[in-house]
Each structure stands twice: as structure tokens, then as C-alpha cells.
Number of protein chains: 2
Amino acid sequence: MSLISNIPYHSLTIGQKIAFTRPITAADVALFAEVSGDHNPVHLDADFAASTPFKEPIAHGMLSGALISAGIACHLPGPGSIYLEQQVRFMRPVKLGDVVKVELEVLEKLPKNRVRLATRVFNQTDQAVVEGIALVIAPTEQQHVAMPVLPHTKLP
Amino acid sequence: MSLISNIPYHSLTIGQKIAFTRPITAADVALFAEVSGDHNPVHLDADFAASTPFKEPIAHGMLSGALISAGIACHLPGPGSIYLEQQVRFMRPVKLGDVVKVELEVLEKLPKNRVRLATRVFNQTDQAVVEGIALVIAPTEQQHVAMPVLPHTKLP
């Protein structure tokens with residue numbers, strides 16, 4: 001178990017940021033293919049990908065969306081947040097082996113505990129790969145939540 | 001291998017729809033937790049979820065986003081599409097055991113092979129759980145693409 005703390009609405013400030021990095025592996029892309037149902041060979045087959053404009057396998061765009069959603073749920077504002085809206089713009093492909101940085105920033109505090117966040121994903125050369133905006137209801141009370149550790153999932 | 005055909009830009013028509021259904025299982029939610037990094041117990045722990053406004057475990061909202069992205073990549077317009085933008089509004093939670101229907105509809109054909117799609121997800125009682133809009137570059141040529149079958153992924 002790891003213990004995750006949220007940032008309640010009253011403690012959020014405009015400009016407040018969190019960021020975390022994550023390597024994107026072939027295993028991540030295979031898991032995302034499995035859970036989404038998108039087995040397109042541009043993500044899974046290097047020979048096929050070589051015949052596309054991308055030249056090499058790329059991650060599913062929405063894998064970056066999944067990482068953004070995890071950043072909101074676990075970090076800013078964290079546990080107790082209710083996700084209302086997300087807009088994403090896919091600017092560049094994420095390639096297998098890239099290390100992406102997810103950055104969230106408080107843009108606006110709105111009535112009824114709503115918060116607008118900038119949601120950005122960069123690759124290891126600081127190029128923006130995804131930009132977007134999220135709208136969430138922030139939690140009103142401080143919580144410290146134990147996150148279950150899952151057995152590590154692998155393709156057999 | 002299953003063979004998936006795309007619908008090139010010139011064959012797309014306003015109002016054209018595709019839909020597919022998908023049961024949402026505890027295994028799906030565990031896989032999404034693993035690949036996103038969001039191990040929040042509201043998704044994974046029935047006892048914890050009972051203490052939340054949701055009362056029972058719910059799927060990650062962005063799992064519906066992943067299914068939408070798969071519908072675009074595999075069905076409408078299908079292989080060869082380039083995903084530019086997605087906006088989603090999370091309207092109701094998806095509960096474990098729900099069977100969701102993903103529906104995509106061509107709203108607008110734009111210059112440079114761009115297409116705007118309505119992206120909707122319903123639960124088994126026809127309640128909208130997610131609504132949104134996607135912008136994609138549709139493929140210009142008919143393709144029939146073999147989708148690799150992945151070994152079925154399970155938590156050990």
C-alpha cells in the first residue's frame with residue numbers, strides 16, 4: 001500500500017503544479033491494446049509501423065489521456081476528486097521507449113468546488129505531445145487514502 | 001488475426017454511425033489501474049467504495065475514453081486515422097458489471113480529410129455515461145489491416 005494525500009479545494013492555488021514522469025514501454029502499449037480493444041498494428045508490430053508515416057511503433061494517444069486522469073485522481077487534486085470533463089489535443093506521437101512527463105496546473109477556481117486544470121504531456125526532449133484542459137470537482141476534505149498495490153500485470 | 005477495414009474520407013457520410021458493446025469487468029478496471037497508474041480504491045476495493053458517494057466500485061472515467069479511441073482506430077474511420085482531438089464529458093459513473101455501448105457518428109466533413117465525430121457511451125439502461133466530440137484526419141485510401149491477437153492478459 002502507498003498512502004496518497006489529496007489537496008482539498010480550499011488549499012488549491014492558481015498556478016499550483018504537479019508533474020511526474022513515466023517511461024512508455026511495449027508492455028504498457030500491449031496492456032492498453034488489451035483494455036481498450038485497439039489492437040492496431042501501428043502500436044504492436046514494428047514491421048507494420050515501419051510502413052506508416054510514424055516509421056516505428058507508437059503508443060495509443062489515449063494512453064496519455066489515461067496518465068492525465070491518473071494524475072488528477074492521485075495527485076492534483078487527488079483522491080475524492082470527481083472528473084467532469086477532459087479535452088485533449090494530440091500534438092505528436094509518443095514512441096515506445098519515450099519517457100513522458102505529465103504536468104497538471106490549476107488554472108481557475110470556480111464555484112461549487114470546481115477547478116479547471118491545464119493538462120500537458122511532454123516527451124523526454126520537452127516537446128509537447130498532448131495539451132488539454134480538465135474540469136473537476138475538488139474534494140472539500142483532506143483525505144489520506146491507501147492505494148492498493150496490484151500484482152504486476154504482464155502479457156503471458 | 002482479425003481483418004479490419006477502414007472507411008476512407010470520401011466514403012464517410014454525415015450521420016453515419018457505428019456502435020459496439022463491451023462488458024466492463026473487474027479485470028478491465030484492474031488492467032486500467034495498472035496501465036494508467038491510478039490505483040484509487042474507489043475502483044479496486046468494494047469496502048472502500050461503499051464509503052463513497054458511488055457506494056460500489058466504479059470504472060475509471062477514462063476507460064470510456066479508451067473505448068472511444070479504439071472505436072475510432074478500428075471502426076470509424078478505422079485504420080489509418082490520425083487522432084487530433086477528443087473532448088469528453090463524464091456524466092455518470094460506469095459500474096463494474098455494466099455493459100457499455102460506444103456509439104460514434106459522423107457530424108461534419110471538413111477540409112484536409114478532417115472529420116468531426118460525436119462520441120457517446122451509454123450503459124445497459126441507455127443512460128449516457130460519456131458524451132464528447134472527436135476530431136480526426138480520416139484515411140484517404142481503403143485499407144484492410146490484420147489486427148494482431150494478443151495473448152489474453154490477466155492479473156496473476
Side-chain angles (χ1 to χ4, degrees), chain A residues 2 4 20 22 27-45 48 52-53 60-63 65-74 78-91 93 132-133 135 145-156, chain B residues 2 4 20 22 27-45 48 52-53 60-63 65-74 78-91 93 132-133 135 145-156:
Chain A
S2 59
I4 301 280
F20 57 96
R22 162 86 180 243
D28 292 320
V29 171
L31 282 180
F32 196 86
E34 179 74 12
V35 75
S36 69
D38 178 3
H39 293 197
N40 202 298
V42 71
H43 306 301
L44 299 167
D45 177 337
F48 180 91
T52 71
H60 303 76
M62 202 52 91
L63 175 52
L67 300 181
I68 289 169
S69 77
I72 290 169
C74 299
S81 298
I82 295 176
Y83 209 4
L84 297 179
E85 293 178 24
Q86 179 71 55
Q87 178 259 322
V88 281
R89 206 152 56 90
F90 303 108
M91 304 172 73
I133 301 279
L135 181 67
V145 175
M147 298 272 157
V149 175
L150 296 173
H152 191 62
T153 308
K154 284 190 194 158
L155 289 172
Chain B
S2 60
I4 301 278
F20 58 95
R22 162 85 180 245
D28 291 323
V29 171
L31 282 180
F32 196 87
E34 179 75 12
V35 74
S36 68
D38 178 3
H39 294 198
N40 203 299
V42 71
H43 306 301
L44 300 167
D45 178 337
F48 180 91
T52 71
H60 304 76
M62 202 51 91
L63 175 52
L67 300 180
I68 289 169
S69 77
I72 290 169
C74 299
S81 299
I82 295 176
Y83 208 4
L84 296 179
E85 294 178 24
Q86 178 70 56
Q87 178 259 322
V88 282
R89 205 151 57 91
F90 303 108
M91 305 172 74
I133 301 279
L135 181 67
V145 175
M147 297 273 157
V149 175
L150 298 174
H152 190 62
T153 308
K154 283 189 196 162
L155 290 173

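Not measured: the values here are computed from a predicted model. Per chain, numbering begins at 1; letters A, B, ... match sequence-line order.
- Heavy atoms closer than 4.5 Å to chain B are found nowhere in A/Leu135, neither backbone nor side chain.
- Residue contact with chain B, scored on non-hydrogen atoms closer than 4.5 Å, involves the side chain of A/Val145 exclusively.
- Rounded to the nearest 0.5 angstrom, B/Asp28 CG and A/Glu34 CD are separated by 8.5 Å.
- With chain A as the partner, the residue from B/His60, B/His39, B/Arg22, B/Met91 showing the most heavy-atom pairs under 4.5 Å is B/His39.
- For chain A, no part of B/Ile4 is nearby; none of its heavy atoms comes within less than 4.5 Å.
- A/Leu67 contributes atom CG, which lies 10.0 Å from atom CE of B/Met62 (distance to the nearest 0.5 angstrom).
- Contact annotation for A/Phe20: neither backbone nor side-chain heavy atoms come within less than 4.5 Å of a heavy atom of chain B.
- Atom OG1 of B/Thr52 sits about 9.0 Å away from atom CD1 of A/Ile82, to the nearest 0.5 Å.
- The two residues B/Pro41 and A/Ala146 make their nearest non-hydrogen contact at CG-O, 3.6 Å.
- Taking CZ of A/Phe32 as the start and OG of B/Ser69 as the end, the distance is 4.5 Å to the nearest 0.5 Å.
- Residue B/Arg89 holds its CZ atom at 9.5 Å from CG of A/Leu84, rounded to the nearest 0.5 Å.
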Item to check | Pair A/Glu85-B/Val88, side chain to side chain contact (heavy atoms under 4.5 Å, CB included): steps then yes or no | outcome: CA-CA 6 Å; A/Glu85 293 178 24; B/Val88 282; over 6 Å; no

